[in-house]
Engineer: 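Below you'll find the structure I mean.
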Amino acid sequence: MGHSQEAVTHMVLCVLDMRENVHYTLERFPSITRALANNNVTYLNIYNFEKEFGDYCGPDRVNQTFVDYLDANNIKTIFTSSEIFNFVSIDTITHLIGKGIVISSVLGDDENNYHININYLGLLTIPVAYQKTEYRKYLTVNPNTYCLPISTSMYGTESIRNSVKTQDVIFIGKAYGIRPELLNYLSKNGVNIVVYGGSDWGKHFDDDIYKGYIKNSDYYEQIAKSKITLALLESPRNVELLHVNAKPFDAAKTGTALIVTRYKTFFQDYGLEEKNDLYAYSCKEELLASVKHLLKNNEARELIATNLRRKIRSDYDYDDLYRDFFKTLLNQKSSMPEVKPARVFYASGKERLLNCQIEKYDYIIFKKKGVVYSDSIKHVLAGHIPSNHFVKLDSYYKGKIARKVFDYIDIASLAIPVNRLSEVKVFFGLVKVRKGSGSQAFLPLNRYKTFNIYVSLLLVLRAMYQRFNR
């Protein structure tokens, strides 16, 4: 995509994860292209953004190269994912929306990332949620939020689902949390399983079970020739926190029987019934019993595989869901989010604050010399007003982002609810935010223009963490 070419009229820009061998490229992207086939669309791999438009410019600045490109190509609508905030400053986002460009972004991983996603609600014209439970929460902040449930496309799958079943049980995914324990338990109790995923699985299984990383070109073929697909929905660090992933829909697409973590909210949202559409487990013993039962009972296995596929195809086919979504998006008249921005009072720190001065505001931020703030803070804080939490603002310093992950926060990077000002105690420029009383913006919202030892320390610690967790 060259910027020096003669301008072409493009109405829609899709900035998406188009990397090879990621599930998004395999599953969602084809449905998106089919839904937009009759529209004038440009597609950009989000991971090529910096190559095309330059490095992240910081929270208080606008990426003018990107703005100029959109103007030259008459882009009126952008569809993207929340990863865009890693490459595009929030002031660029609000600048574009102010120019009349409609911006819609999938939030993603709603159950695990709700605390992150609420920061985006006030920035987007149409936020998109995958999970209905979190979607209902998002609506309380941005009533224009759209629910596009996680699912699959049945396009061109008739031949796949009739594959000969030569494998008993398949699992595809990362080796985290309780997953290795569950799969080891099955294997030690005589279940023949095959596992695909990252190299960490090599620590748990020999190559008779662990088959390595699976390419997109082989993905559905391997599932389709399996009798049972396992969908383990437990989150990495908390088995009680469940997260709907793509595996139940991989089973539906390929016509294999599904055994899934018992997640009643998920079943209710999709109208799924145990032992009619799927089998479920709440412990490893129940998982083993379900696997052995289905392997012995072809009729029961084929029944749930057929029923699950029929329900997903009828009500949740991605081709239908994305076609309906883009009808809504492309008919959106106003670019402005339907969110009331937070009212923020910036105090110098030296003045004596009177109730009559601040009572009409939602948050107070104590400014500090050498710190510049994003104009978009009020839009980010809008999502936090219902919680009445202190909000820790990430910072930008010398081209790096300092994440505010600790309980102690520099006073210049803390948004304080007006009605909790009396709780603030400052010690050497730092404030302790008690667990359960604070949230994090997960976006750089101010820039330190001068040296700050606290921010510098955060950058060093982050660099060390990234180095040792590669």
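All values below come from the heavy atoms of this structure, side chains included, with hydrogens, waters and symmetry mates left out.
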Engineer: Apply salt bridge (Lys or Arg N to Asp or Glu O under 4.0 Å) to E158 and list each qualifying residue two or more places apart in sequence or on a separate chain.
Structural biologist: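 Expected list: R161, R309, R313.
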
Engineer: Say you draw a straight line from CD1 of I103 to OG of S335; how long is it, rounded to the nearest 0.5 Å?
Structural biologist: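 Here the rounded value is 8.0 Å.
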
Engineer: Does the side chain of F267 reach to within under 4.5 Å of the side chain of L278, using non-hydrogen atoms?
Structural biologist: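 Yes, their side chains come closer than 4.5 Å.
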
Engineer: Does a donor on one side chain and an acceptor on the other come within less than 3.5 Å for E20 and T25?
Structural biologist: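 Side chains of E20 and T25: no pair found under 3.5 Å.
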
Engineer: Can a salt bridge be assigned to the pair D394 and R403 using a cut-off of 4.0 Å between side-chain N and carboxylate O?
Structural biologist: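 A salt bridge is present here (some side-chain N lies under 4.0 Å from a carboxylate O).
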
Engineer: Mark yes or no: R179 above the aromatic ring of Y176, with NZ or CZ under 6.0 Å from the six-membered ring centre and no more than 45 degrees from the axis.
Structural biologist: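 R179 over Y176 ring: yes.
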
Engineer: Is it the case that more than 12 heavy atoms not belonging to K432 sit under 6.0 Å from its NZ atom?
Structural biologist: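 12 or below, so no.
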
Engineer: Are side-chain N/O atoms of S89 and R61 paired as donor and acceptor at under 3.5 Å?
Structural biologist: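 No pair is found: no donor N or O on one side chain lies under 3.5 Å from an acceptor on the other.
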
Engineer: Return the minimal non-hydrogen interatomic distance between P417 and F390, and the atom names on each side.
Structural biologist: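 Reported closest heavy-atom pair: CD-CD2, 3.7 Å.
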
Engineer: I'd like to know if the side chain of D250 pairs up with that of Y219 as donor and acceptor (distance under 3.5 Å, no hydrogens or angles considered).
Structural biologist: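 Yes, a side-chain donor-acceptor pair sits under 3.5 Å.
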
Engineer: With a 4.0 Å cut-off, would you call R136 and D269 a salt bridge?
Structural biologist: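 A salt bridge is present here (some side-chain N lies under 4.0 Å from a carboxylate O).
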
Engineer: Measure the shortest side-chain to side-chain distance between V431 and V426 over non-hydrogen atoms and say whether it is less than 4.5 angstrom.
Structural biologist: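 A side-chain contact exists here, since the closest heavy-atom pair is under 4.5 Å.
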
Engineer: So how far is it from S314 OG to D320 CG, rounded to the nearest 0.5 Å?
Structural biologist: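 Interatomic distance, S314 OG to D320 CG, rounded to 0.5 Å: 9.0 Å.
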
Engineer: With the side chain counted from C-beta on, respond yes when H115 and S439 share a heavy-atom pair under 4.5 Å apart, and no when they do not.
Structural biologist: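 A side-chain contact is absent here, since even the closest heavy-atom pair is not under 4.5 Å.
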
Engineer: Just to verify, what does K311 make a salt bridge (Lys or Arg N to Asp or Glu O under 4.0 Å) with, not counting sequence neighbours?
Structural biologist: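 Partners of K311 under the salt bridge (Lys or Arg N to Asp or Glu O under 4.0 Å) test: E273, D277.
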
Engineer: D407 side chain to K435 main-chain N or O, any donor-acceptor pair under 3.5 Å?
Structural biologist: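 No, D407 side chain to K435 backbone: no donor-acceptor pair under 3.5 Å.
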
Engineer: D218 side chain to I214 main-chain N or O, any donor-acceptor pair under 3.5 Å?
Structural biologist: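 Absent.
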
Engineer: Is it the case that the side chains of Y114 and Q131 hold a donor-acceptor pair, with the cut-off being a distance below 3.5 Å and no angle test?
Structural biologist: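 Note: Q131 and Y114 side chains miss the donor-acceptor criterion.
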
Engineer: Just wondering, do I78 and L70 contact through their side chains at under 4.5 Å, heavy atoms?
Structural biologist: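 Side-chain contact under 4.5 Å: yes.
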
Engineer: Using the side chain to side chain donor-acceptor pair (under 3.5 Å) criterion, which residues pair with S104? Sequence neighbours excluded.
Structural biologist: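 Result, side chain to side chain donor-acceptor pair (under 3.5 Å) vs S104: none returned.
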
Engineer: Measure from the ring center of F79 to the ring center of F326 and say whether it is less than 6.0 Å.
Structural biologist: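 Under 6.0 Å, so yes.
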
Engineer: In terms of the angle between their ring planes, are H23 and Y220 parallel, tilted or perpendicular, with boundaries placed at 30° and 60°?
Structural biologist: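 Perpendicular: the ring planes of H23 and Y220 meet at over 60°.
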
Engineer: So, D68 side chain and T65 main chain: donor-acceptor pair closer than 3.5 Å or not?
Structural biologist: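 Side chain of D68 to backbone of T65, a donor-acceptor pair under 3.5 Å: no, none is there.
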
Engineer: Donor-acceptor check, side chain of N446 to backbone of V371, threshold 3.5 angstrom: yes or no?
Structural biologist: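 Answer holds: no.
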
Engineer: Taking N73 for the side chain and I75 for the main chain, is one N or O donor matched with an acceptor at less than 3.5 Å?
Structural biologist: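 Between the backbone of I75 and the side chain of N73 there is no qualifying donor-acceptor contact (under 3.5 Å).
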
Engineer: What heavy-atom pair brings A412 and Y448 nearest, and what distance separates the two atoms?
Structural biologist: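 Answer, listing the atom of A412 first, then Y448: CB-OH, 3.6 Å.
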
Engineer: Side chain of S376, backbone of T94: donor and acceptor closer than 3.5 Å?
Structural biologist: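 A pair under 3.5 Å: no.
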
Engineer: Taking all heavy atoms of D324 and all of Y146, pick out the closest pair and write down the distance.
Structural biologist: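 Scanning both residues completely, I find the closest heavy atoms to be C-OH, 3.7 Å.
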
Engineer: Within the distance-only criterion (no hydrogens, no angle test), does the side chain of H389 pair as donor or acceptor with the backbone N or O of G436 below 3.5 angstrom?
Structural biologist: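 Confirmed, H389 side chain pairs with G436 backbone.
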
Engineer: Test side chain to side chain contact (heavy atoms under 4.5 Å, CB included) on I97 and T125 and set out the steps.
Structural biologist: CA-CA 8 Å; I97 285 177; T125 314; 4.0 Å; yes

Engineer: Over all heavy atoms of both residues, which pair between L139 and T145 is shortest? Give the atoms and the distance, please.
Structural biologist: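 Answer, listing the atom of L139 first, then T145: CD2-O, 3.8 Å.
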
Engineer: Tell me, please, which residues at least two apart from Y155 pass side chain to side chain contact (heavy atoms under 4.5 Å, CB included).
Structural biologist: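 Y155: side chain to side chain contact (heavy atoms under 4.5 Å, CB included) contacts with R34, S153, D319.
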
Engineer: Could you grab the distance from atom CG of L124 to atom CG of N117, nearest 0.5 Å is fine?
Structural biologist: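 Going from the CG atom of L124 to the CG atom of N117 covers 10.0 Å.
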
Engineer: May I ask you to test the D110-Y135 pair for a side-chain heavy-atom distance under 4.5 Å?
Structural biologist: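 No, their side chains stay 4.5 Å or more apart.
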
Engineer: State whether the side chain of K404 and the backbone N or O of L393 hold a donor-acceptor pair below 3.5 Å, judged by distance alone.
Structural biologist: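 Present.
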
Engineer: Would you call the rings of F325 and Y322 parallel, tilted or perpendicular, where under 30° means parallel and over 60° means perpendicular?
Structural biologist: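 The rings of F325 and Y322 stand perpendicular, inter-plane angle above 60°.
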
Engineer: Return the CZ to CD1 distance between F49 and I46, rounded to the nearest 0.5 Å.
Structural biologist: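 Separation between the atoms: 8.0 Å.
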
Engineer: Hey, what do you get for CZ (F29) to CG (L16), rounding to the nearest 0.5 Å?
Structural biologist: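 Answer for the CZ-CG pair, F29 versus L16, is 6.5 Å.
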
Engineer: Kindly write out the residues that satisfy side chain to side chain contact (heavy atoms under 4.5 Å, CB included) with A252, not counting sequence neighbours, or none if the list is empty.
Structural biologist: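 Scan of A252 (side chain to side chain contact (heavy atoms under 4.5 Å, CB included), adjacent residues dropped) gives M154, L308, I312.
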
Engineer: Decide yes or no on side chain to side chain contact (heavy atoms under 4.5 Å, CB included) for L258 and I304, but give the supporting numbers first.
Structural biologist: CA-CA 8 Å; L258 171 67; I304 63 172; 5.6 Å; no

Engineer: With sequence neighbours excluded, tell me which residues meet salt bridge (Lys or Arg N to Asp or Glu O under 4.0 Å) with D17.
Structural biologist: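 Expected list: R19.
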
Engineer: Can you list the steps and then say if I377 with I365 is a side chain to side chain contact (heavy atoms under 4.5 Å, CB included)?
Structural biologist: CA-CA 10 Å; I377 286 178; I365 294 176; 4.0 Å; yes

Engineer: Tell me the closest heavy-atom pair linking T265 and T133, and the distance in Å.
Structural biologist: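 Closest heavy-atom pair between T265 and T133: CG2-OG1, 3.2 Å.
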
Engineer: Quick check against the 3.5 Å criterion: does K392 have a side-chain atom that pairs as donor or acceptor with the backbone of F406?
Structural biologist: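 A pair under 3.5 Å: yes.
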
Engineer: By the definition ring-ring contact (aromatic ring centres under 6.0 Å, His included), identify the one residue from Y130, Y270, Y318 that meets it with F249.
Structural biologist: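 Of all the options given, the one that passes is Y270.
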
Engineer: Considering residues, nucleotides and ligands other than N331, do more than 12 of their heavy atoms fall under 6.0 Å from its CG?
Structural biologist: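 More than 12 heavy atoms, drawn from other residues, nucleotides or ligands, come within 6.0 Å of this atom.
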
Engineer: Evaluate Y263 against L272 for side chain to side chain contact (heavy atoms under 4.5 Å, CB included), listing each step before the verdict.
Structural biologist: CA-CA 11 Å; Y263 190 179; L272 304 176; over 6 Å; no

Engineer: Using only heavy-atom distances, determine whether the side chains of D410 and S413 contain a donor-acceptor pair under 3.5 Å.
Structural biologist: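 D410 vs S413: donor-acceptor pair found between side chains.
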
Engineer: Find out whether Y373 and D60 are in side-chain contact, i.e. whether some heavy atom of one side chain is under 4.5 Å from a heavy atom of the other.
Structural biologist: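 No, every pair of side-chain atoms sits at 4.5 Å or beyond.
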
Engineer: Using ring centroids (six-membered ring only for Trp), state whether F87 and F66 fall under 6.0 Å.
Structural biologist: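 Centroid separation for F66 and F87: 6.0 Å or greater.
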
Engineer: Answer whether the closest heavy-atom distance between the side chains of M11 and T77 falls below 4.5 Å.
Structural biologist: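 Side chain of M11 against side chain of T77, heavy atoms only: no contact under 4.5 Å found.
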
Engineer: With a 3.5 Å distance limit and no angle check, can you tell me whether N144 reaches the backbone of E338 through a side-chain donor-acceptor pair?
Structural biologist: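 Not a single qualifying donor-acceptor pair exists.
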
Engineer: State, yes or no, whether a side-chain contact exists between N388 and R420 at a heavy-atom distance under 4.5 Å.
Structural biologist: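 Heavy-atom side-chain distance check passes, below 4.5 Å.
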
Engineer: Looking at CG of L445 and CG of D375, how far apart are the two atoms once the value is rounded to the nearest 0.5 Å?
Structural biologist: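 L445 CG to D375 CG: 11.5 Å, rounded to 0.5 Å.
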
Engineer: Do N119 and H384 pair up side chain to side chain, a donor and an acceptor below 3.5 Å, judged on atom types alone?
Structural biologist: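 Yes.
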
Engineer: If you compare all heavy atoms of V141 against all heavy atoms of G383, which two are closest, and at what distance to 0.1 Å?
Structural biologist: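 Shortest heavy-atom contact: CG1-CA, 3.8 Å.
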
